[in-house]
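Throughout, a chain's letter reflects where its sequence line sits, starting with A, and its residues are numbered from 1. Every value quoted in this text rests on a predicted model; they were computed, and no experiment measured them.
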There are 2 protein chains.
Amino acid sequence: MKPIPTKARILLVEDDTSLGYVIKDNFEQDQLDVCLCEDGELAFQAFETNPFDLCVLDIMLPKLDGFTLAQKIRSINKDIPIIFLTAKSMKEDKINGFQIGADDYMVKPFNIEELLLRIKVFLKRSVKESMTDFYKLGAYNFNHPNLELLHADQIKHLTQKEADLLKLLCEQQDKVVKREEILTKIWGNDDYFAGRSMDVFISKLRKYLSHDLQIEIINYHGIGFKIKVN
Amino acid sequence: MKPIPTKARILLVEDDTSLGYVIKDNFEQDQLDVCLCEDGELAFQAFETNPFDLCVLDIMLPKLDGFTLAQKIRSINKDIPIIFLTAKSMKEDKINGFQIGADDYMVKPFNIEELLLRIKVFLKRSVKESMTDFYKLGAYNFNHPNLELLHADQIKHLTQKEADLLKLLCEQQDKVVKREEILTKIWGNDDYFAGRSMDVFISKLRKYLSHDLQIEIINYHGIGFKIKVN
DNA sequence: AAGATTGTTAACGAAATGTTAAAGTCTTTA
DNA sequence: TAAAGACTTTAACATTTCGTTAACAATCTT
């Protein structure tokens with residue numbers, strides 16, 4: 001999975017050049033990364049070759065109309081929010097049709113601030129969704145639900161237990177987690193053998209994380225473990 | 001929110017007659033077609049003989065409880081959204097159990113407007129899904145409603161189950177889909193044999209998709225599967 | 001220094017999965 | 001209504017994976 005982007009990337013498709021640039025400028029002042037395309041085909045090419053977080057599509061476009069473009073985009077990515085820009089002249093029933101494939105739509109002429117506001121809502125939502133159970137650990141990214149530990153495009157697949165253990169440590173980064181707590185939460189009992197098994201897992205995690213020397217899993221003798229990033 | 005084109009048909013199962021009628025009236029004012037049943041057996045008979053778009057089930061029901069009813073409904077239609085109504089007294093862990101088979105649940109006493117809103121979300125989603133039920137998978141195009149998997153002008157016809165499984169994986173591309181989820185949604189139960197049957201289907205899909213080496217269906221031991229396009 | 005705790009590696013065995021084929025089930029067709 | 005065909009499940013066997021345990025080394029505590 002991709003690392004957390006600094007700027008959200010917006011695909012803006014608008015054939016009216018001057019309007020397009022007005023919107024683009026406004027968005028960029030709000031720390032959005034905008035790719036402006038002037039027709040549907042160019043837009044789709046851009047979408048195929050670059051990652052985006054959200055699309056703003058005019059309905060009336062040269063070469064490939066916004067609705068068809070949206071379908072093609074959706075065939076690649078079902079989740080990406082799509083906002084349509086519609087002309088005022090558009091008939092109601094047609095708008096209803098569009099609504100189905102759209103996450104939102106705005107009727108021209110619209111207030112750019114209003115559009116920005118709605119975009120922010122979608123971005124906030126998707127950040128929230130993708131951030132759940134996602135931990136940053138030095139040079140690593142740890143995706144708990146997917147059981148993946150990423151480092152410089154290398155993916156290490158973890159087992160459920162490895163992932164659960166790493167998560168428990170990450171949740172309490174820089175704090176000592178008691179052996180007893182780990183054992184009861186993940187192993188379900190805290191006898192001698194479970195304890196030794198856990199030590200084996202700690203050893204494995206250390207090996208997986210050894211590419212970043214800033215990361216340490218420190219043992220507190222007789223107490224537990226702490227994960228630390230210098 | 002705008003009404004959905006044709007009237008959506010709701011199966012409402014609630015043994016508290018007065019509450020049932022209140023809900024029914026509210027729904028009907030919102031252009032929903034409601035069939036109210038007072039016990040689980042009647043509800044199942046109704047489901048067998050009439051088409052529905054969504055079910056709202058009370059958990060505590062005479063003759064056949066909501067959970068069992070949901071399983072029976074699922075054995076006929078895996079896709080239909082099911083919303084449970086639970087009493088406040090129900091324990092958390094039990095609710096978690098229900099969540100597996102449920103798409104949503106509401107705790108009594110609840111706001112009917114809220115319930116209506118959630119129903120609308122499901123109905124809208126299913127309309128949206130049926131319109132965007134096409135997936136691009138590396139060099140393949142997958143048309144779920146037509147059960148077709150296309151590759152360089154070659155058409156491979158899939159069976160319903162093959163297509164449903166592939167769809168479930170595609171909907172959550174790059175995410176691990178739990179065995180349990182696949183089994184409850186597509187097989188309707190998650191015993192040992194259903195699991196083995198699923199493994200056979202995974203094997204088949206891998207064979208169908210083997211012309212594009214970029215596509216992988218990865219097993220997460222004991223957890224589930226993930227489809228990935230490099 | 002002695003005993004307890006932890007680090008690390010390897011081996012074992014149970015369980016899960018991959019794959020192919022045979023056996024069942026259901027529907028279509030003649 | 002029987003045979004054929006399409007599809008799913010079950011069986012069988014090969015392969016892989018994972019957690020535990022054992023074994024021994026290293027480290028800590030007192």
Side-chain angles (χ1 to χ4, degrees), chain A residues 146-149 155-169 176-210 213 215-228, chain B residues 74-76 78 146-149 155-166 168-169 176-210 215-228:
Chain A
N146 269 8
L147 313 177
E148 287 170 344
L149 188 61
I155 300 182
K156 170 71 194 171
H157 292 265
L158 304 181
T159 69
Q160 188 70 53
K161 255 192 173 136
E162 289 168 348
D164 289 346
L165 174 56
L166 184 54
K167 178 183 172 179
L168 195 54
L169 293 171
V176 180
V177 187
K178 293 211 179 73
R179 290 182 72 87
E180 190 194 5
E181 180 184 347
I182 298 173
L183 290 172
T184 52
K185 281 191 179 166
I186 299 180
W187 268 261
N189 74 326
D190 66 343
D191 62 14
Y192 171 78
F193 293 112
R196 291 326 325 273
S197 186
M198 176 185 72
D199 290 329
V200 172
F201 275 78
I202 290 284
S203 179
K204 284 190 205 166
L205 289 185
R206 287 200 179 110
K207 193 181 286 178
Y208 301 157
L209 293 166
S210 61
L213 300 173
I215 303 173
E216 285 179 283
I217 298 178
I218 304 166
N219 170 252
Y220 286 78
H221 202 265
I223 310 296
F225 296 93
K226 180 175 103 174
I227 197 166
K228 190 177 89 170
Chain B
R74 278 260 190 274
S75 73
I76 296 177
K78 319 283 179 217
N146 288 351
L147 312 178
E148 288 171 344
L149 187 62
I155 299 183
K156 169 73 194 171
H157 292 272
L158 303 182
T159 69
Q160 189 66 50
K161 260 199 168 125
E162 289 168 347
D164 289 347
L165 175 56
L166 184 55
L168 195 52
L169 293 172
V176 179
V177 186
K178 293 213 175 72
R179 290 181 73 87
E180 190 189 22
E181 179 183 345
I182 298 173
L183 290 172
T184 52
K185 284 192 178 163
I186 299 181
W187 269 262
N189 75 326
D190 67 344
D191 63 15
Y192 171 79
F193 292 111
R196 290 329 321 274
S197 186
M198 176 183 72
D199 290 329
V200 172
F201 276 78
I202 290 283
S203 181
K204 284 190 204 167
L205 289 185
R206 287 200 179 111
K207 196 179 286 178
Y208 302 158
L209 294 168
S210 60
I215 303 173
E216 285 179 282
I217 298 179
I218 304 168
N219 170 252
Y220 284 71
H221 200 266
I223 310 299
F225 295 93
K226 182 178 102 172
I227 197 167
K228 189 177 92 168

Heavy-atom distance under 4.5 Å between the side chains of [X] and [Y], does that happen here?
X	Y	value
B/L158	B/E148	no
B/I202	B/L165	yes
A/I182	A/M198	yes
B/L209	B/L149	yes

- May I have the step-by-step check of salt bridge (charged side-chain N to carboxylate O under 4.0 Å, His left out) for A/D164 and A/K167, ending in yes or no? CA-CA 5 Å; A/D164 289 346; A/K167 178 183 172 179; over 6 Å; no
- Before giving the answer on salt bridge (charged side-chain N to carboxylate O under 4.0 Å, His left out), spell out for A/D190 and A/K178 the whole-Å C-alpha distance, their side-chain angles and the decisive distance to 0.1 Å. CA-CA 11 Å; A/D190 66 343; A/K178 293 211 179 73; over 6 Å; no
- May I have the distance from B/L183 (atom CG) to C/dA16 (atom C1'), rounded to whole angstrom?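 To the nearest whole Å, that distance equals 13 Å.
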- Find the distance A/F201:CZ to C/dA10:P and express it as a whole number of Å.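 After rounding, the gap between these two atoms is 17 Å.
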- Query: Can you list, by residue number, the residues of residues 156-169 of chain A that have a non-hydrogen atom closer than 4.0 angstrom to DNA chain D?
  - Reply: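 Nucleic-acid contacts, sorted: A/T159, A/K161.
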- Tell me, please, the opening and closing nucleotides of DNA chain D, 5' to 3', among those with an atom under 4.0 angstrom from a non-hydrogen atom of chain A.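 On DNA chain D, the outermost contacted nucleotides are D/dC18 to D/dT29.
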- Query: Do A/F201 and A/W187 have their ring centres less than 6.0 Å from each other?
  - Reply: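 Yes - the distance between ring centres of A/F201 and A/W187 falls below the 6.0 Å cut-off.
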- Contacts of type salt bridge (Lys or Arg N to Asp or Glu O under 4.0 Å), residue B/K161, not counting sequence neighbours: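 Once residues adjacent in sequence are excluded, B/K161 has no partner under the salt bridge (Lys or Arg N to Asp or Glu O under 4.0 Å) criterion.
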- Item | B/T184 (side chain) donor-acceptor with B/E180 (main chain) under 3.5 angstrom |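 Indeed, once roles are kept as given, a pair shorter than 3.5 Å links the two residues.
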- Taking A/N146 for its side chain and B/V176 for its backbone only, find out whether a donor-acceptor pair lies under 3.5 Å.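 Looks like yes, one N/O pair under 3.5 Å.
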- Task: For residues A/T159 and A/L147, report the shortest heavy-atom separation together with the two atoms involved.
- Result: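 So the two residues come closest at O-CD2, 4.4 Å.
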Side-chain atoms of residues 217-228 of chain A: list all donor-acceptor pairs with protein atoms under 3.5 Å, sequence neighbours left out, distances to 0.1 Å.
unit_1, atom_1, unit_2, atom_2, d
A/N219, OD1, A/H221, N, 3.4
A/N219, ND2, A/G224, O, 3.4
A/Y220, OH, A/K226, NZ, 3.3

- Message: Taking the basic N atoms (NZ, or NE/NH1/NH2) and the acidic carboxylate oxygens, is any pair closer than 4.0 Å for B/D199 and B/R179?
- Response: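 Yes, B/D199 and B/R179 are salt-bridged.
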Between protein and nucleic acid, restricted to nucleotides 6-8 of chain C and to nitrogen or oxygen atoms under 3.5 Å apart, what atom pairs and distances do you find?
unit_1, atom_1, unit_2, atom_2, d
C/dT6, OP1, A/G222, N, 2.7
C/dT6, OP2, A/R179, NE, 3.3
C/dT6, OP2, A/R179, NH1, 3.1
C/dG7, OP1, A/R206, NH1, 3.1
C/dG7, OP1, A/R206, NH2, 2.7
C/dG7, N7, A/R196, NH2, 2.9
C/dG7, O6, A/R196, NH1, 3.3
C/dG7, O6, A/R196, NH2, 3.4
C/dT8, OP2, A/R206, NH1, 3.4

- Message: Roughly what angle, to 10°, lies between the helix axis at the start of the helix from C/dA1-D/dT30 to C/dA30-D/dT1 and the one at its end, five pairs per end?
- Response: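 The value is 30°.
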